[in-house]
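Notes follow once the structure below has been shown.
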Amino acid sequence: MKVRLFSLAAFAAFALASQGVAQQSEDSLERALADLNDGLAAPAAQSNVTISGDFRARNRWFDDGNDTNNRDIDVRTRLNFGFQVTENTRAFVGFYAAEAFGGSMAGRWDMADPLAPSNSLGDHLDRAWVAVDSLVGDGGTAKIGRSYYTPGSGRLLGSDEWDNFVTTFSGIWYDHPMGGYNFHFAMLNGVENGMTATDDMIYIAAFNFDFDMVEATGPINVAPYWIRDETSSNTTASGTHETWLGIDLSGELAGVGYEVEYTQYDFGGMGDSAWYVGLGIDFESLESLPGVESGALDVSFSSAGQEFAVPGVNAVGTAYGNQYHNAAGFADVLGTTGIWTTDVDTFQIGLGLVPAEGWTGRFAYINIDTPGTDYDEFDLSVGTQLNGNVAAWFGYALTDPSGSTLDNMTTFWTTLDLAFGG
């Protein structure tokens, strides 16, 4: 299992809104903070055990130019124990406690809220799994339990760490190198309805391989996938399940890094498609400008059709459907369904910056076209590492809605992160 990022230099580590994560393990707790792990380990007498974790304090100030002026400070902490049981067997246990941005009134529960339902508490054991290499001598890796999981780019399923609450799934996973084609299969719990005929599952099958038979194009990473979600069968007579059939391509051509993803959605009599194109373009002339980090621009486009939906939207009991798939801008106007929200087009262009020694940053313009409202957003983010391995990140967004009665919105984020262990 891995963390998969679109590796363009222009996509700064602190630009958390730019890309989804493929978290298929807890080997990295935060994609932007992996380099902070300082090697803290369990005592020598328990050398087969590693301890890791992270602490995040996040402040948001939001003003919609009218009557809303929210100021929040919310925290999340995670503690993880990894066990190397044998050379081929691993076990993992992870705990977390978190507060929702804005508190319980935002619709989620704070840490240890005594009024929260038992399945919604903000503090508990949220991950526990065992993985075994070549369980039956097949050369693959089998895993069972509850885990973070974001297949592929993360635009369809999972969480990109924007929210304090990261989606976890119970199920089984299987990976096999298969001669370089890297087969992946998962069967996850969807909606469990006890001893009835309506228990539902989510199935994922995918490959990931490098195509390098055309010298002129260079290596192309090819990642086709298929997802079937049966939970939609509880909501409508028009379809018994939803499916997504897609492919993600990434590589570099003539000095331009790229990622292209396309997926086709089907739900009974409904169906539509969504796509994403991202480019990283190097311009040596930009490096001469003050404060320009790499002389590179990142540009991306996306579109989702009128009958397109990400997993969880049409389902009942969508515990996995209310977490962030891919944030579009710091103002977060699209919410949990991300850039592939139904009938939405997005455009983003960003420039990496070095505003001062030891600081990195990004300036971006984002256009989000939704039914009835068109948003123009300008984002500025900067980040640095403070003493004691504390990472600091600051993000500011000015958002101008048009085509509606909404006023300009201002959003300011401050995030402090400390990762520990290894």
Scan side-chain atoms only and decide if [X] and [Y] contain a donor-acceptor pair under the 3.5 Å cut-off.
| X | Y | result |
| --- | --- | --- |
| Ser170 | Arg146 | yes |
| Tyr365 | Asp376 | yes |
| Glu242 | Asn314 | yes |

Could you state the interatomic distance from [atom1] ([X]) to [atom2] ([Y]), rounded to the nearest 0.5 Å?
| X | Y | atom1 | atom2 | answer |
| --- | --- | --- | --- | --- |
| Thr263 | Ile247 | OG1 | CD1 | 10.5 Å |
| Ser303 | Asp369 | OG | CG | 9.0 Å |
| Gln348 | Ile368 | CD | CD1 | 7.0 Å |
| Ser273 | Glu307 | OG | CD | 11.0 Å |
| Trp340 | Thr346 | CH2 | OG1 | 10.5 Å |
| Phe95 | Leu125 | CZ | CG | 5.0 Å |

Are [X] and [Y] side-chain neighbours, meaning at least one heavy-atom pair lies under 4.5 Å?
| X | Y | answer |
| --- | --- | --- |
| Met201 | Asn189 | yes |
| Leu79 | Ile51 | yes |
| Leu279 | Ser300 | no |
| Tyr149 | Leu188 | yes |
| Phe62 | Met409 | yes |
| Thr243 | Trp226 | yes |
| Glu377 | Leu398 | no |
| Val85 | Asn48 | no |

Leu253 CG: over 12 foreign heavy atoms closer than 6.0 Å:
yes
So [X] and [Y], would you call those rings parallel, tilted or perpendicular, with 30° and 60° as cut-offs?
| X | Y | value |
| --- | --- | --- |
| Phe185 | Phe183 | parallel |
| Phe83 | Phe81 | parallel |
| Trp129 | Phe92 | parallel |

What verdict does the side-chain contact (heavy atoms from CB on, under 4.5 Å) test give for Asp248 and Tyr262, after you've listed the backbone C-alpha separation in whole Å, the side-chain angles of each residue and the deciding distance to 0.1 Å?
CA-CA 7 Å; Asp248 185 276; Tyr262 174 86; over 6 Å; no
Give me the atom names and distance for the closest heavy-atom approach of Ala328 to Ile339.
CB-CG2, 3.7 Å
Shortest non-hydrogen separation from Thr399 to Pro401 and the atoms involved:
O-CD, 3.5 Å
Between Arg60 and Asp74, is there a side-chain N and carboxylate O pair less than 4.0 Å apart?
no
Please determine if Asp126 and Arg78 form a salt bridge, counting it only when a charged side-chain N lies under 4.0 Å from a carboxylate O.
no
Determine whether Asp175 and Asn182 satisfy the following criterion, side-chain hydrogen bond (donor to acceptor under 3.5 Å, both in side chains), listing intermediate values before the conclusion.
CA-CA 7 Å; Asp175 292 274; Asn182 301 311; over 6 Å; no
Does the [X] side chain pair with the main chain of [Y], one donor and one acceptor, at a distance under 3.5 Å?
| X | Y | result |
| --- | --- | --- |
| Trp173 | Thr141 | no |
| Gln264 | Asp272 | yes |
| His176 | Met178 | yes |
| Thr414 | Phe394 | no |
| Thr370 | Thr373 | yes |
| Ser402 | Asp374 | yes |

For a side-chain contact (heavy atoms from CB on, under 4.5 Å) check, start with the C-alpha distance between Asp54 and Asp417, then their side-chain angles and the critical distance, and finish with the verdict.
CA-CA 7 Å; Asp54 68 294; Asp417 264 289; 4.3 Å; yes
Scan Trp393, Phe363, Trp413 and name whichever one has a ring-ring contact (aromatic ring centres under 6.0 Å, His included) with Phe330.
Trp393
Determine, for Tyr276 and Arg155, whether the Lys NZ or Arg CZ falls below 6.0 Å from the six-membered ring centre while staying within 45 degrees of the axis.
yes
side-chain contact (heavy atoms from CB on, under 4.5 Å) for Phe308 and Trp244? Distances and angles first, verdict last.
CA-CA 10 Å; Phe308 186 86; Trp244 293 260; 4.0 Å; yes
Between Phe412 and Tyr396, ring centroids under 6.0 Å:
no
Start with the C-alpha gap between Thr337 and Thr342, add the side-chain angles, then the distance that decides, and say whether side-chain contact (heavy atoms from CB on, under 4.5 Å) holds.
CA-CA 8 Å; Thr337 48; Thr342 302; over 6 Å; no
I would like to know whether Phe207 and Tyr181 meet ring-ring contact (aromatic ring centres under 6.0 Å, His included); could you show each step before the answer?
CA-CA 6 Å; Phe207 290 88; Tyr181 286 94; 7.0 Å; no
